[in-house]
Amino acid sequence: MTPPAPGIPAPAIRPGARIAILGGGLSGALFALHLLRDHPALPFVIDIVEPRERLGAGLAYDTDNPMLRINVSAARMALFDEDRTHFDRWLRARGLPEDPDAERPDGTLFPRRCLFGIYVAGLLADAAASSAGPARLRHVRDRAVAVEGAAGDPPGSRGFAIELAGGGTVAADLVVLAMSHPPAALPAPLRDLPEPVASRVLADPWDSRALDSIPYGDRVVVIGTGLTGCDVIAGLRGQGPKHGGHRGPIVGLSRHGLLPRPRTALPVEAYGDFTTGPATDALALLRRVRAAIAGCEAAGRPWEDVVDALRKQAFVLWNALPKSEQRRALRHLRTFWDVHRYQCAPQIDETMRAAQADGQLEIVAASLRGVEAAPDGGVVLTLHPRHAPDVVRRRLQTDWIVNCTGPAHGGVLSSNPLLGAMAAAGMLVADPTGLGIAVDADAHLLRPDGSAWPSLFVVGPLARGTFGELMGLPQISMQPRALAAHVASLAGKALAA
């Protein structure tokens, strides 16, 4: 992070500065954690506005499904660069007697996902309780619905007033938007369906009650074969232990028919330099990546080393591409990046392979073209198989459709009422790549005219249109920590003035 760019006035921070974090998932909790741990002497009053009881869990880690696991070994789930195995040691000290499958043959741990949420919540609670400085943390169990100027002033001139869904307001000198991922958008053929077809579509793959209500022998189509789709399929396989799990046929449907790559057991170390003379078009970047992978293989190293280098260098190489080339890369390469970057936990990969081997699971590469009611009360899908002539269609009959197409970041302004209201008021604008909302290199929120708010920031995945990689650890920890340092620096200068 850097000092405010010319033309960005210093934020209106005063003694006892009030910071409102809107969203208490992983990103918002880590921003607060780093403020408390790294800058305890600053007199911050930190309000995290989050309706969930547990801070730090967010959408990904707020689950009690025992089938869902972290997809990176615990030793690599690093929140602190200076102590990269902290989570692994916490797990081993805590013990995992109720989860014998967590430890792999090589000794690495892939625990249930909920444990990471419990870990982060504990770290934040400990930091708040042990803070010897003036900084204070408060959890406001509510949802923000509007960000306005304090006392009727223009927003930011003398602070902000955060309106809450339950009534009342939270005052703030500085606001950090730390929203969760937006919900998945339904593919066009699944929208506005009549009954009884509409009731056969499960739009939210994280609704465990809806998934648990699927009869064990029913046919299921899972649309989307990324990590979420794999989690749903693994969850179905483990559903109802008295019944031996889901017995009905399952189809995983996606345009490319690709599954996440399994997590390697080999040591991974970044290989390749993509920031020296960075590529300025998507094709040139792809060629450099392929050349690096070839060099990696020749050296007897896993291809994951190249992905690790791309992850670490993402900010520079992403911002070297013009917006038109960023959009081109997303259009043509995003699916391939996702399946290599976001790899499966070994337990989930084994479940998927077993389901395919015993004939329960079929992976289909096709586009969904239509949906209609079936005579038996189920649903018939019309598909266009990948690489087939346009006139070719396949009809697939099922009982249930589960939408696992992933967060619809491009539609975040329409799906999030708070962000939509701020956009309507001219306070923010969508990122031109469709990855979230527009911010500058220091995470200042941008207005529609491109100017930056001095006291409005974005932390987490909704800023990845600028940062390039904010979906997995450690980047999702590094950005909140960098922003905490930036805010602390601004506050220190303001208080010293």
Side-chain angles (χ1 to χ4, degrees), residues 11-13 17-36 44-60 62 120-121 124 128 136-150 155-156 159-183 407 409 412-431 436-439 442-447 452-464 470 476 479-480 483-484 486-487:
I13 297 178
R18 302 159 302 178
I19 297 177
I21 305 171
L22 307 188
L26 181 59
S27 299
L30 290 182
F31 173 73
L33 173 65
H34 290 309
L35 276 179
L36 292 168
F44 292 134
V45 176
I46 305 167
D47 286 326
I48 302 184
V49 181
E50 168 57 54
R52 290 185 179 92
E53 179 179 2
R54 181 186 298 159
L55 294 175
L59 183 64
D62 186 22
V120 175
L124 181 57
R136 292 292 178 265
L137 176 70
R138 183 173 67 135
H139 179 190
V140 180
R141 288 198 62 187
D142 210 326
R143 181 171 51 85
V145 296
V147 176
E148 299 177 346
F160 300 91
I162 315 299
E163 290 190 16
L164 304 176
T169 60
V170 169
D173 300 296
L174 185 146
V175 176
V176 177
L177 303 179
M179 308 304 181
S180 176
H181 295 290
H409 290 102
V412 68
L413 299 188
S414 59
S415 64
N416 186 300
L418 171 62
L419 298 181
M422 293 179 70
M427 297 180 70
L428 59 81
V429 65
D431 180 81
I437 50 183
V439 302
D442 291 324
H444 292 266
L445 189 66
L446 296 181
R447 301 178 178 92
W453 285 92
S455 304
L456 279 175
F457 296 87
V458 179
V459 71
L462 290 182
R464 69 186 180 125
L470 286 175
I476 210 168
Q479 194 243 350
L483 179 57
H486 181 55
V487 167

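Starting from 1, each residue takes its place in the sequence as its number.
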Please report the shortest heavy-atom distance between [X] and [Y], naming the atom on each side.
X: Gly460; Y: Gln479; value: N-OE1, 2.8 Å
X: Val412; Y: Gly436; value: CG1-O, 4.1 Å
X: Leu174; Y: Val176; value: CD2-CG2, 3.7 Å
X: Met179; Y: Leu418; value: CE-CD2, 3.1 Å
X: Ala178; Y: Gly28; value: CB-CA, 3.6 Å
X: Gly24; Y: Glu50; value: N-OE1, 2.8 Å

Item to check | Full working for side chain to side chain contact (heavy atoms under 4.5 Å, CB included) between Val175 and Trp453 | outcome: CA-CA 10 Å; Val175 176; Trp453 285 92; over 6 Å; no
Checklist entry - Counting distance only, does the side-chain N/O of Arg141 pair as donor-acceptor with the main-chain N or O of Pro51 below 3.5 Å? => result yes
Next on the checklist: Treating Asp173 as the side-chain partner and Gly159 as the backbone partner, does any N or O pair qualify as donor plus acceptor under 3.5 Å?
Outcome noted: no
Checklist entry - So His181 and His409, would you call those rings parallel, tilted or perpendicular, with 30° and 60° as cut-offs? => result perpendicular
Side chains of [X] and [Y]: does their closest heavy-atom pair fall under 4.5 Å?
X: Leu137; Y: Leu124; value: yes
X: Ile162; Y: Val140; value: no
X: Val487; Y: Phe31; value: yes
X: Ile21; Y: Val459; value: no
X: Arg136; Y: Phe44; value: no

Spacing of [X] atom [atom1] and [Y] atom [atom2] [to the nearest 0.5 Å]:
X: Asp62; Y: Leu55; atom1: CG; atom2: CG; result: 11.0 Å
X: Leu22; Y: Arg143; atom1: CG; atom2: CZ; result: 12.0 Å
X: Asp47; Y: Arg138; atom1: CG; atom2: CZ; result: 4.0 Å
X: Ile437; Y: Arg464; atom1: CD1; atom2: CZ; result: 13.0 Å
X: Asp142; Y: Thr169; atom1: CG; atom2: OG1; result: 11.0 Å
X: Leu26; Y: Ser180; atom1: CG; atom2: OG; result: 10.5 Å

Next on the checklist: Here's a test for you: under side chain to side chain contact (heavy atoms under 4.5 Å, CB included), which of Leu445, Leu446, Val439 qualifies with Leu456?
Outcome noted: Leu445
Next on the checklist: Apply side chain to side chain contact (heavy atoms under 4.5 Å, CB included) to residues Leu428 and Leu413 and explain how you reach the verdict.
Outcome noted: CA-CA 10 Å; Leu428 59 81; Leu413 299 188; 3.5 Å; yes
